[in-house]
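Taking it in order: structure first as structure tokens, then the write-up.
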Amino acid sequence: MVEQPSDNQIRPTALRLFCTGLWEGVTQTSAGACVGVVVVAGLWLTACLLFVTPNRLAGVDYRYWMTVHADHQTEVSFRAMRLAQAGPQSFAVVVFGDSATRDLITDWAAVEATVSKRVGRAVSVYDLSAKGMNLIEMVGLMDLIDDGFNGIVVLQIGQFHLSQTEQELAEIAELPRLALDTPVYNDELARVARAMPLRTGNYFVDHWRYYAHRVNHKFMKQLLLGPIPEHFDPRQPLSEAKWKKESEKITAYLANYKDQRDRNRAILDRMFERLRSRSHAEVVLLELPENPNALRLRSAEMIQDHRRYLQQWGELQGLHYWNLNEDAGLAPDHFLDYVHVDNAEVESRYTDLFADRLAGLAASTLEKDTP
């Protein structure tokens with residue numbers, strides 16, 4: 001009698017045959033299949049080159065491209081595309097900042113309503129603040145403001161921003177975080193980067209790194225099932241050990257402040273000059289909200305020197321300098337770390353203060369412009 005093979009003997013043989021067949025199918029393709037793949041790939045590439053443009057993307061839900069909820073740069077990129085697409089407006093406000101702004105000014109609709117009510121007309125307020133935004137990214141986005149713009153540009157600024165090194169600023173040349181570029185963005189990046197990203201004039205080719213970084217299984221899932229849902233991922237307060245570690249990093253980082261601030265200021269001055277030459281924009285320097293415990297890591301003299309620096313800069317360039325931190329009553333227990341507030345009452349108070357100050361400047365600006 002012939003002995004029948006067991007199931008354990010059959011399975012490896014079947015698996016081996018399947019794998020062998022699969023490998024042959026992949027490696028021994030026909031000429032027709034190769035031509036078909038090349039044609040399909042060519043059609044997709046041609047479609048991307050012709051149809052993937054900022055104007056078309058402006059109407060797309062940016063959440064399709066967000067693979068994590070904290071990808072604020074994607075959100076801001078698409079908002080900026082919409083700002084550029086909107087063109088000149090009778091009066092508008094654009095705010096540039098980082099995650100400290102996002103966390104503290106929580107109701108942009110209320111800001112818009114306050115300003116609109118004060119001036120007696122509809123005023124659009126654009127929030128272009130994103131986590132970890134550096135100065136070149138900020139001025140790059142600012143460069144999207146159209147010729148003939150009339151309104152207010154608010155730039156959040158602090159000792160941390162003015163302490164940024166050339167190496168930090170150049171990092172975005174290797175891994176761009178924004179889905180766009182502008183002449184100012186490219187000019188400023190060329191001053192600090194060893195090698196510039198490819199620039200051909202075709203949007204898709206110039207920004208392939210940004211999109212390639214985001215095309216993964218999460219993107220494919222969102223493409224099929226819908227965009228990433230709106231979600232707020234709250235930060236956790238720093239433990240005592242982490243706060244100590246952060247304090248050491250802050251102290252070391254701000255040691256660059258005096259060496260770097262004039263060079264970083266020059267980046268902004270060049271952008272402000274460009275704004276003045278082509279638009280009617282009032283520019284506000286908004287002091288970064290900081291935990292008083294973080295401020296205590298610096299001498300009172302260093303803090304006052306920074307504030308005088310911004311005030312004198314504003315007076316020289318015709319800029320407005322606002323520091324709302326004391327009026328908002330910011331206290332250590334309102335913060336999760338050195339700049340991020342997590343207190344609903346304080347967030348509401350700061351938002352109201354900001355909206356009221358903004359409405360006052362908007363009203364006086366429009367009054368001056370009225371013949």
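For the pair P197 and L189, the minimum side-chain heavy-atom distance is below 4.5 Å. Using a 4.5 Å cut-off on side-chain heavy atoms (C-beta onward), W108 and T351 make no contact. Using a 4.5 Å heavy-atom threshold, the side chains of H207 and P176 count as separate. With a 4.5 Å cut-off on side-chain heavy atoms, L324 and E287 do not count as touching. Side-chain contact check for S99 versus H340: some heavy-atom pair is nearer than 4.5 Å. Residues L162 and H306 have side chains in contact (heavy-atom distance under 4.5 Å, counting atoms from C-beta outward). Side-chain atoms of D127 and F96, non-hydrogen and from C-beta on, never get closer than 4.5 Å to each other.
For D327 and R349, the salt-bridge test fails: no basic side-chain N is under 4.0 Å from an acidic carboxylate O. The existence of a salt bridge linking D187 and R191 is excluded, since no basic side-chain nitrogen approaches an acidic carboxylate oxygen closer than 4.0 Å. Contact check on R194 versus E174 returns no salt bridge, with no Lys/Arg side-chain nitrogen under 4.0 Å from an Asp/Glu carboxylate oxygen. In this structure, D305 pairs ionically with R261, as a charged nitrogen and a carboxylate oxygen lie closer than 4.0 Å. The existence of a salt bridge linking R270 and D143 is excluded, since no basic side-chain nitrogen approaches an acidic carboxylate oxygen closer than 4.0 Å.
Across M142 and L275, no two heavy atoms sit closer than the pair SD-CD1, 3.9 Å. Smallest separation of non-hydrogen atoms from R102 and K131: CD-N, 4.3 Å. The minimum heavy-atom distance between L288 and G158, with the atom names listed, is CB-CA, 3.9 Å. Pairing each heavy atom of E166 with each of V192, the nearest pair is CG-CG1, 3.9 Å. Shortest non-hydrogen contact noted between Y203 and T53 is CD2-CA, 4.1 Å.
Between the side chain of H334 and the backbone N or O of V341 there is no donor-acceptor pair closer than 3.5 Å. For the pair S364 (side chain) and L361 (backbone), a donor-acceptor distance under 3.5 Å is present. Not one N or O on the side chain of N150 forms a donor-acceptor pair closer than 3.5 Å with the backbone of F91. D61 places no side-chain N or O within donor-acceptor distance of the main-chain N or O of Y64, the cut-off being under 3.5 Å. Looking only at distances, a side-chain donor or acceptor of S247 sits under 3.5 Å from a matching main-chain atom of W243. For the pair E290 (side chain) and L295 (backbone), a donor-acceptor distance under 3.5 Å is absent. Using a distance-only test at 3.5 Å, with no hydrogens or angles considered, a donor-acceptor pair links the side chain of N202 to the main chain of L49. With hydrogens and angles disregarded, no donor-acceptor distance shorter than 3.5 Å links the side chain of N291 to the backbone of V339. Between the E75 side chain and the Y62 main chain, no donor and acceptor come within less than 3.5 Å of each other. The backbone N or O of A122 lies less than 3.5 Å from no partner atom in the side chain of S116, so there is not a single donor-acceptor pair.
In this structure, a donor-acceptor pair under 3.5 Å is present between the side chains of D98 and H161. A donor and an acceptor atom, one from each side chain of S279 and R274, are nowhere located under 3.5 Å apart. A donor atom on one side chain and an acceptor atom on the other are not found under 3.5 Å apart for N264 and Y257. Looking at D206 and T200, their side chains do bring a donor and an acceptor atom within 3.5 Å of each other. Side-chain contact annotation: Q260 with S163, donor-acceptor N/O pair under 3.5 Å absent. E168 and Y253 share a side-chain donor-acceptor pair at under 3.5 Å.
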Take L141 and T182, measure what side-chain contact (heavy atoms from CB on, under 4.5 Å) needs, and give me the verdict at the end.
CA-CA 8 Å; L141 291 171; T182 64; over 6 Å; no
Decide salt bridge (Lys or Arg N to Asp or Glu O under 4.0 Å) for R214 and D71; before the verdict, give the C-alpha distance in whole Å, the side-chain angles of both, and the deciding distance to 0.1 Å.
CA-CA 10 Å; R214 285 162 174 77; D71 185 8; 3.1 Å; yes
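With rounding to the nearest 0.5 angstrom, the CG atom of L358 is 9.5 Å from the OG1 atom of T365. With values rounded to the nearest 0.5 angstrom, L297 atom CG is found 11.5 Å from Y338 atom OH. Between the CG atom in L366 and the CZ atom in R118 there is a gap of 12.0 Å [rounded to 0.5 Å]. Note that CG of L310 is 9.0 Å distant from CZ of R265, once rounded to the nearest 0.5 Å. The line from CG of N293 to CG of D333 is 9.5 Å long, rounded to the nearest 0.5 Å. Interatomic distance, CG of L316 versus CD of Q311, reported as 13.5 Å (0.5 Å rounding).
Note on ring orientation: taking the six-membered ring where Trp is involved, the planes of W313 and F272 are tilted (angle from 30° to 60°).
With Y210 as the aromatic partner, R177 does not meet the cation-pi criteria of under 6.0 angstrom to the ring centre and within 45 degrees of the ring axis.
If you chain together hydrophobic residues whose side chains sit under 4.5 Å apart, V205 and L57 fall into the same group.
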